Amino acid sequence: QVQLVESGGGLVQAGGSLTLSCAASGQTSGSRAMGWFRQAPGKEREFVSRISWDGGSTLYADSVKGRFTISRDNVRKMVYLQMNSLKPEDTAIYYCAHGRNLIHLNATTSVDYWGQGTQVTVSS
């Protein structure tokens, strides 16, 4: 079992920044891809970003490319999402995700563990 706990969400004005953190514990060796998904009210959960097990490869959804940055610290078992230039359409619950393999994690089917989510609200 792997436990994921997100933090760092909140209310921010458009154009502002937030950094989300995800702390992993349990049977995690750091040898899996990690990522972030989000779900807005009335919408399906969607991919935001992922990082490979060693941090050498990252991937972003087109909607956040150039504004969000994902990173990880395998010693501390942490994953981060730096979010800049936030827009009202970024408002959602953000979920940390633990992948089933080393690199690929861009669909819910490639996730084996989820965090409980953290709310991000961007006001216009």
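Keep in mind the model is a prediction, meaning the values are calculated, not measured.
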*Determine the minimum heavy-atom distance between S57 and I103, stating which atoms define it.*
OG-CG2, 4.4 Å
*Contact check, side chains of L20 and M83, non-hydrogen atoms, under 4.5 Å*: yes
*With distance as the sole test, does R50 use its side chain to make a donor-acceptor pair with the main-chain N or O of I70 at under 3.5 Å?*
no
*Which distance, rounded to the nearest 0.5 Å, do you find between the OG of S31 and the CG of L102?*
6.5 Å
*asked:* Show me the pairs that pass ring-ring contact (aromatic ring centres under 6.0 Å, His included) and involve residues 73-115, at least two apart or across chains.
replied: F37-W114, H98-Y113
*asked:* Is it true that, when you exclude R76 itself, more than 12 heavy atoms of the residues, nucleotides or ligands shown sit nearer than 6.0 Å to its CZ?
replied: no
*Using modelled atom types only, decide if a donor and an acceptor are shared between the side chain of N74 and the backbone of W53 within a distance under 3.5 Å.*
yes
*Between atom CZ of R72 and atom OG of S52, what is the distance when rounded to the nearest 0.5 Å?*
7.0 Å
_T19 and Q82: side chain donor to acceptor below 3.5 Å_ = yes
*Any side-chain heavy atom of E6 sitting closer than 4.5 Å to one from W36?*
yes
*Roughly how far, to the nearest 0.5 Å, is the CD1 atom of I93 from the CD atom of Q116?*
10.0 Å
_Gap separating the CG atom of L81 from the OG1 atom of T118, nearest 0.5 angstrom_ = 11.0 Å
_If hydrophobic clusters are built from ILVMFWY residues whose side chains come within less than 4.5 Å, do V111 and V79 share one?_
no
_Tell me the closest heavy-atom pair linking S110 and N106, and the distance in Å._
OG-N, 3.5 Å
_The criterion is side-chain contact (heavy atoms from CB on, under 4.5 Å); which residues satisfy it with A23, sequence neighbours excluded?_
M78
_Candidate list T121, V12, V64, test side-chain contact (heavy atoms from CB on, under 4.5 Å), partner L86, passing option_ = V12
*Calculate, to the nearest 0.5 Å, the distance between atoms CD1 and CG belonging to I51 and L59 respectively.*
11.0 Å
*Minimum heavy-atom separation for Q1 to Q3, with atom names?*
CB-NE2, 3.6 Å
*Taking all heavy atoms of S124 and all of A14, pick out the closest pair and write down the distance.*
CA-CB, 4.4 Å
*Salt bridge check: are D62 and K65 linked by an N-O gap of less than 4.0 Å?*
yes
_Donor-acceptor contact present, side-chain R32 to main-chain G99, <3.5 Å_ = yes
*For residues T108 and F47, determine if any side-chain heavy atom of one lies less than 4.5 Å from a side-chain heavy atom of the other.*
no
_Does any part of the side chain of C96, heavy atoms only, come nearer than 4.5 Å to the side chain of M34, both counted from C-beta?_
yes
*Tell me, please, which residues at least two apart from T91 pass side chain to side chain donor-acceptor pair (under 3.5 Å).*
none
*Any side-chain heavy atom of D90 within less than 4.5 Å of one from R38?*
yes
